[in-house]
Amino acid sequence: MILPRSFYTRATVDVARDLLGKWIVHGKSAGRIVEVEAYLGEGDPAAHSAAGMTPRTRVIFGPPGHAYVYLSYGMHECLNIVAEPEGKAGCVLIRALEPVSGLAAMRERRGAVRSDRELANGPGKLTQALGITRAHYGADLTRGDLVVRSAPDGAAPEVDASARIGITKAADLPLRFSIRGNPFVSR
DNA sequence: GGTAGGATGGGCT
DNA sequence: GCCCATCCTACCC
């Protein structure tokens, strides 16, 4: 089942935790979400939306369930999913996936990787593995070629909380969530 | 097993 | 002009 809009129309932290275990599907490739980070609309200087609405951050303030894709360090695209009701900022960075289908296509897009564990265990790696680019900026994830669905076996995973990775502002907030013991978590 | 350094371009002041 | 929500390679245990 594709996650409905109402799933995303909630507090960003709740959406982030509940995204763990869900599947991101693009074409024939799919991955299970094992690691995410919450970026809040209020009181979070690390969030891109902290500087207000700009051409780049516009979608973060829009309706939930859409994709916010940005270019990181001039080279890598990163995928976020917009949360909170329309008009309020908040999004969830997808940091790592456990590949579940279409692995051959992922290997082709990723190039030289030593093992399947390295296919999508990082925010820039997973977009490359799934073929997600800035062309998906603003895409509606409740319909179309890129969607998020519930897993076939719906058991809720055990969740670890820790500090977000690679940021300098608000670096101590425990807004990174991952599935306990999962080997596809980035670190 | 570990880490240091460089690539590379858009967004905003 | 400065700042990055990163990744890969080389090199060293």
Side-chain angles (χ1 to χ4, degrees), chain A residues 8 11-17 19-20 22 24 29 31 33-62 64 66-84 88-99 106-139 141 146 148 159-179 181 183-187:
Chain A
Y8 304 102
T12 305
V13 168
D14 294 335
V15 175
R17 298 182 74 106
L19 275 171
L20 292 173
K22 304 299 191 291
I24 296 180
S29 294
I33 300 172
V34 299
E35 179 183 350
V36 299
E37 284 176 359
Y39 285 89
L40 311 181
E42 292 169 4
D44 185 5
H48 289 172
S49 56
M53 185 150 47
T54 67
R56 181 178 65 145
T57 62
R58 167 181 58 81
V59 72
I60 307 174
F61 294 83
H66 290 253
Y68 166 50
V69 185
Y70 72 94
L71 184 68
S72 177
Y73 291 95
M75 277 165 288
H76 306 104
E77 332 243 3
C78 294
L79 170 67
N80 293 252
I81 302 178
V82 176
E84 306 281 353
K88 189 172 181 190
C91 62
V92 178
L93 171 67
I94 310 301
R95 278 200 60 91
L97 300 177
E98 174 177 345
M106 292 192 198
R107 291 187 199 104
E108 201 162 316
R109 283 187 287 254
R110 284 280 291 133
V113 292
R114 282 187 284 278
S115 76
D116 288 348
R117 201 173 60 83
E118 299 172 37
L119 282 176
N121 65 336
K125 301 178 191 179
L126 70 92
T127 55
Q128 188 181 30
L130 284 183
I132 296 168
T133 69
R134 279 167 289 168
H136 289 98
Y137 181 92
L141 300 178
L146 177 63
V148 185
V159 175
D160 283 332
S162 55
R164 294 175 292 183
I165 290 177
I167 58 170
T168 52
K169 300 167 189 161
D172 52 332
L173 299 180
L175 293 177
R176 170 178 178 245
F177 305 104
S178 56
I179 294 182
F184 295 87
V185 170
S186 67
R187 63 167 93 156

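Note on naming: letters A, B, ... go to the chains in the order of the sequence lines (proteins, then strands), and numbering restarts at 1 for each one.
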Original post:
For A/Glu118, what residues pass the side chain to side chain contact (heavy atoms under 4.5 Å, CB included) criterion, not counting sequence neighbours?
Top reply: A/Val113, A/Arg114, A/Ser115, A/Asn121
**OP:** Could I get the full list of salt bridge (charged side-chain N to carboxylate O under 4.0 Å, His left out) partners for A/Arg109, not counting sequence neighbours?
**Re:** none
Original post:
Does A/Arg164 count as lying over the ring of A/Tyr39, i.e. NZ or CZ under 6.0 Å from the six-ring centre, within 45 degrees of the axis?
Top reply: yes
Original post:
Who passes salt bridge (charged side-chain N to carboxylate O under 4.0 Å, His left out) against A/Arg110, sequence neighbours left out?
Top reply: none
With 3.5 Å as the limit, what N/O pairs link the protein to nucleotides 3-5 of chain C?
residue	atom	partner	partner atom	Å
C/dA5	OP1	A/His48	NE2	3.1
C/dA5	N7	A/Ala46	O	3.4
C/dA5	N7	A/His48	NE2	2.9
C/dA5	N6	A/His48	N	3.4
C/dA5	N1	A/Asn80	OD1	2.5
C/dA5	N1	A/Asn80	ND2	3.4
C/dA5	N3	A/Tyr70	OH	3.3

**OP:** Using the test salt bridge (charged side-chain N to carboxylate O under 4.0 Å, His left out), find all partners of A/Lys22 that sit at least two apart in sequence or belong to another chain.
**Re:** none
Subject >> Under the side chain to side chain contact (heavy atoms under 4.5 Å, CB included) test, residues paired with A/Met75 that sit two or more places apart >> reply: A/Tyr73
Original post:
Tell me, which stems hold DNA chain B, with a stem being 3 or more Watson-Crick or G-U pairs in a row and both distances under 3.5 Å?
Top reply: B:1-7 with C:6-12, B:9-12 with C:1-4
**OP:** Check whether the side chains of A/Glu84 and A/Thr12 place a donor and an acceptor atom closer than 3.5 Å, and report yes or no.
**Re:** yes
Subject >> Set of side chain to side chain contact (heavy atoms under 4.5 Å, CB included) partners for A/Ile132, sequence neighbours left out >> reply: A/His26, A/Val69, A/Leu79, A/Thr127, A/Leu130, A/His136, A/Leu146
**OP:** Could you pull out all residues at least two apart from A/Tyr68 that satisfy ring pair (Phe, Tyr, Trp, His ring centres under 6.0 Å)?
**Re:** A/His48, A/Tyr70
Subject >> Along DNA chain B, first and last positions that approach a heavy atom of chain A under 4.0 Å >> reply: B/dA7 to B/dC12
Between protein and nucleic acid, restricted to nucleotides 8-11 of chain C and to nitrogen or oxygen atoms under 3.5 Å apart, what atom pairs and distances do you find?
residue	atom	partner	partner atom	Å
C/dC8	OP1	A/Arg110	NH1	2.9
C/dC8	OP1	A/Arg110	NH2	3.1

Subject >> A/Lys88 and A/Glu42, any side-chain heavy atoms less than 4.5 Å apart >> reply: yes
**OP:** Return the 5'-most residue of the pair A/Met75, A/Arg134 with respect to DNA chain B, ranking by each residue's nearest nucleotide.
**Re:** A/Met75
**OP:** Could you check if a side-chain atom of A/Phe177 sits within less than 4.5 angstrom of a side-chain atom of A/Glu37, using non-hydrogen atoms only?
**Re:** no
Original post:
Partners of A/Arg187 by side chain to side chain contact (heavy atoms under 4.5 Å, CB included), sequence neighbours excluded?
Top reply: A/Ile165, A/Arg176
